There are 2 protein chains.
Amino acid sequence: MIQLDDLDRAILRLLKEDARLTISEIAGRLGRPESTVHFRIKKLQEQNVIDKYTIVLGERLQPKSLAIVYIQAETPIIEDFLERYILYLMKTLSMFPNVLAVARSGKAGIIALIGEENREKLNRFVDETIRALPTLKKVEVFPIDSFTKGKEIVGFLVGV
Amino acid sequence: MIQLDDLDRAILRLLKEDARLTISEIAGRLGRPESTVHFRIKKLQEQNVIDKYTIVLGERLQPKSLAIVYIQAETPIIEDFLERYILYLMKTLSMFPNVLAVARSGKAGIIALIGEENREKLNRFVDETIRALPTLKKVEVFPIDSFTKGKEIVGFLVGV
DNA sequence: TATGAAAGACATCATGT
DNA sequence: ACATGATGTCTTTCATA
């Protein structure tokens, strides 16, 4: 399996903070030679410890109003139908740009993270688009007001 | 407000996919001179449209079992106490490395994203650490089985 | 704001300790 | 694992439109 030592972890932590740090910067901060840092990063990429490099978009492009929505479908007689219906619902939801994430929760449940400019638009989306989906048993809305951890997911998930 | 044109958006989309693309690569793909692309990226950074560059960690470092947990505190007589208690709970939860995100939901609610190696450990954490917190009215667990959108948040949020 | 050219910084790789 | 140096590529700046 993967054995990360302290140097690997230190490099990963620095890159997580700022993936544009140059190798010589990292080497300087950690008091290691550039060649070593270069070698480690290359290995971390090859081993897929580093999956990808990406950007987080700033607040000005982020939706101001967020909510987690839990959707539960009715359980029909034919189970195979439920399976296909859930997958269809998830794919459908995934297509909306204001639906930031969609996950399956159990046999008949879906969790979605919704983002909109303001509370009114968010409520309207939930009422007019989500609750309007056929054959739902329950739609539970958990508004998100603030973060103490993971706030950056919004800028990470939002599209352009 | 911010006016992004097609070139800005194209650059952002490319950087979102791979933030290590060189300016000359991007310039080549978009059929624009390097200096123009360089100028745009610089502006996007200054305007804070690009908030930061970061890495997403691969599956081998990610928790295999995830759940959204909704926690609702009991509403006490003194409202100011609830306020401080909720903030205390959020800060406490945020300190666990396996708690990937913590958000407030309404006056008395908290939403947390929990990650663990497997289902057993996850259930144990919920039972022994979360349900053990005092003065809770309700703890609702929504296991996350798969994603159709936003799967990458796990590698984005997980620490080293 | 866009572009082209030129200078400097950087990553990368090979070789040797 | 670390050092050094050679090479080509990339970023960055600046002058110009």
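A note on names: the letters A, B, ... follow the listed sequences, proteins ahead of strands, and every chain is numbered from 1. Everything quoted here is computed from the prediction, not taken from an experiment.
- For the residue pair A:Tyr53/A:Gln45, the side-chain donor-acceptor check at 3.5 Å is satisfied.
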Notebook entry, point to check: What string of B, S and - do you get for nucleotides 10-17 of chain D, 5' to 3', if B is base contact, S is sugar-phosphate-only contact and - is no contact with any protein heavy atom under 4.0 Å?
Noted result: SBBB----
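- Residue B:Phe39 is classed as a sugar-phosphate contact, given heavy-atom separations below 4.0 Å to backbone atoms only.
- Note on A:Val154 and B:Ile68: same hydrophobic cluster, where clusters join Ile, Leu, Val, Met, Phe, Trp and Tyr whose side-chain heavy atoms are under 4.5 Å apart, directly or indirectly.
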Please tabulate, one pair per line, all N/O donor-acceptor pairs under 3.5 Å involving side-chain atoms of residues 5-16 of chain B, not counting sequence neighbours.
{"unit_1": "B:Asp5", "atom_1": "OD1", "unit_2": "B:Leu7", "atom_2": "N", "d": "3.1"}
{"unit_1": "B:Asp5", "atom_1": "OD1", "unit_2": "B:Asp8", "atom_2": "N", "d": "2.9"}
{"unit_1": "B:Asp5", "atom_1": "OD1", "unit_2": "B:Arg40", "atom_2": "NH1", "d": "2.9"}
{"unit_1": "B:Asp5", "atom_1": "OD2", "unit_2": "B:Arg40", "atom_2": "NH1", "d": "2.9"}
{"unit_1": "B:Asp5", "atom_1": "OD2", "unit_2": "B:Arg40", "atom_2": "NH2", "d": "2.9"}
{"unit_1": "B:Asp6", "atom_1": "OD1", "unit_2": "B:Arg9", "atom_2": "NH2", "d": "3.2"}
{"unit_1": "B:Asp8", "atom_1": "OD1", "unit_2": "B:Arg40", "atom_2": "NH1", "d": "3.0"}
{"unit_1": "B:Asp8", "atom_1": "OD2", "unit_2": "B:Asp5", "atom_2": "N", "d": "3.3"}
{"unit_1": "B:Asp8", "atom_1": "OD2", "unit_2": "B:Arg40", "atom_2": "NH1", "d": "3.2"}
{"unit_1": "B:Arg9", "atom_1": "NH1", "unit_2": "B:Leu4", "atom_2": "O", "d": "3.0"}
{"unit_1": "B:Arg9", "atom_1": "NH2", "unit_2": "B:Leu4", "atom_2": "O", "d": "3.4"}
{"unit_1": "B:Lys16", "atom_1": "NZ", "unit_2": "A:Phe156", "atom_2": "O", "d": "2.6"}

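- The 12-atom threshold is not exceeded at CD of B:Glu59, counting heavy atoms of other residues, nucleotides or ligands nearer than 6.0 Å.
- Atom pair B:Leu30:CG and C:dT3:C1' shows a separation of 16 Å (rounding to whole Å applied).
- For the pair A:Arg32 and D:dC2, the criterion of a side-chain N or O lying under 4.0 Å from OP1 or OP2 is met.
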Contacts under 3.5 angstrom, residues 125-137 of chain A side chains, donor-acceptor by atom type, not counting sequence neighbours:
{"unit_1": "A:Asp127", "atom_1": "OD1", "unit_2": "A:Arg131", "atom_2": "NE", "d": "3.0"}
{"unit_1": "A:Arg131", "atom_1": "NH1", "unit_2": "A:Val139", "atom_2": "O", "d": "3.4"}

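- In this structure, the salt bridge (Lys or Arg N to Asp or Glu O under 4.0 Å) partners of B:Glu152, at least two apart in sequence or on a different chain, are A:Lys52.
- Across its full length, the helix from C:dT1-D:dA17 to C:dT17-D:dA1 shows an angle of 30° between the axes of its 5 terminal pairs at either end, rounded to 10 degrees.
- Residues passing the salt bridge (Lys or Arg N to Asp or Glu O under 4.0 Å) test with A:Glu79, sequence neighbours excluded: A:Lys107.
- If you take CD1 of A:Ile26 and P of C:dA9, they are 19 Å apart, rounded to a whole angstrom.
- Counting heavy atoms of neighbouring residues, nucleotides and ligands inside a 6.0 Å radius, atom NZ of B:Lys64 exceeds 12 of them.
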